[in-house]
Amino acid sequence: MRAYTPKDDVQKKPYYTDRYWVAPQVAKSDVSEDAVFAADLEAIKAKFDVLDAYIQVGQMVVVINAVDNFSVIEMMKNVLAYNQLSEMSAIDWLASEGKFEIFYQMLSMSKRKRVRIKCKIGEKESIQSVEKLFRSADWSEREMYDMFGVVVNNHPFMKRILMPDDWEGFPLRKTYPLQGDEFAQWYEVDKIFGKEAREIIGPENRDPARIDRYDTERFARLGHEVPHGTDISQGEPDTPLCYQENDGVFMIEKFDAEKSVVISDRHR
Amino acid sequence: MAQHQVNYLKDGGLPVALTTIDKVVNWGRSNSIWALTYGLACCGIEMMASGASRYDFDRFGTIFRASPRQAELMVVAGTLTKKHAEFIRRLYDQMTEPKWVISMGSCANTGGMFNTYATVQGVDRVIPVDLYLPGCAPRPETLQYAVLLLQQKIRKESASRAQKPKRLM
Ligand code: SF4
């Protein structure tokens, strides 16, 4: 439980404080607590450097050197029977450590255990592909390249997967602005109309609350529809909701409620 | 034969109608708006519902076509991503004149809740739009109302004069 702090002056500081949210710290425990994990860790340790290992939420986390990633995962798959790579991606720690953390989440069907292999690489470094071992790594590695700019060696088709091929920048990096850098903001205009069109089309409206009451270029009010671009600063005319013009449409008869007959005898 | 004889001088008069070419052409155009299937996200579901039997778009002459060459209305239903922007422009260019565009839903109007790097902030940055339809998602009735408004708009246009192609810029 969180330690008690007096909350009398909470109204005076309605801004973000940790009263509202505290980053959860999941407890780590020692690998020796679980016999299966302990045996697996011994097997890995016998061949490779292990920088750190612990159990978190019932899963073993093993931190290794980035150069060993292919051989460790090969061993996990062929020797230790972790036969599924359920997820892999990168985490951007560039600001605090100058490194990407790459994780491989693995599952053993026979042992019913999950292990996470982690390693760290620098911004300009690349990592070995594990696509030869697990086909599921194919798209994950492409996504990792697309979103973080982590280059993967020996990948059969190292190309962006989600963003367009001519995109600049890596959107899931912490330094990438949510609303896009200049390239992203003008992407469609530059591509379709060319850079000269920027001035004519104008910048994007990024303010979701912007409403211009008198803007008839973009909006009309229901029941007050006016032609595109009309000046309505003096008030717009009422146009009652109707599905047909008042004087009718050529060859289409307008429904007249007065002339209608209500049939009471259903079997007529 | 005699049974089906029509007395032109009685019931409804002679089968002759006088009108203008504008009216005939616009009557035809406004009652046979064939729309391009353009469901991009959740709004597409509502668009499909409007086309299906419960809301029955066919009774307005709006039939969804899978080819831009057979369509004259583009209902942009959903989120337009920046990656897709060039394709929407290409498909719009492939449609034959005269053509109209309905931007359906907040995403197509303004980018909607996707205030991010990957979403075009309104399809009117890429193609010229005739009608903006608010809502997230607009109900099928709303889309039908939009199509009926578009029919009114078409009837007001002059059909006989060569149509000026609409341009964004
Ligand atoms: S406007 Fe709403 S319903 Fe329509 S595509 Fe966007 S998020 Fe989906």
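Lettering of chains follows the sequences in order, A, B, ..., and the numbering in each one begins at 1.
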Q) A:W186 and B:R125: side-chain contact (heavy atoms from CB on, under 4.5 Å), yes or no, with the steps? A) CA-CA 10 Å; A:W186 293 102; B:R125 290 178 66 74; 4.0 Å; yes
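Heavy atoms only, all atoms of each residue included: A:M163 and B:A118 are closest at CE-CB, 4.4 Å. Nearest approach of B:A85 to A:E188, heavy atoms of both residues: CB-CB, 3.6 Å.
Note that OH of B:Y117 and CH2 of A:W167 are 8.0 Å apart. Values are rounded to the nearest 0.5 Å. Taken to the nearest 0.5 Å, the CZ atom of B:F87 stands 10.0 Å off from the CD1 atom of A:I192.
Counting heavy atoms of neighbouring residues, nucleotides and ligands inside a 6.0 Å radius, atom CZ of B:R59 exceeds 12 of them.
Side-chain atoms of B:K83 come within 3.5 Å of backbone atoms of A:L162 as a donor-acceptor pair (strictly under, hydrogens ignored).
Between A:E204 and B:K82 there is a salt bridge, with a side-chain nitrogen of the basic residue lying less than 4.0 Å from a carboxylate oxygen of the acidic one.
Within the 4.5 angstrom heavy-atom criterion, atoms from both the backbone and the side chain of A:L178 approach chain B.
Exactly one residue among B:T116, B:N115, B:T119 makes a side-chain contact (heavy atoms from CB on, under 4.5 Å) with A:Q179. That residue is B:N115.
Ranking B:R90, B:K156, B:E86 against chain A, the residue ahead of the rest is B:E86, based on heavy-atom pairs under 4.5 Å.
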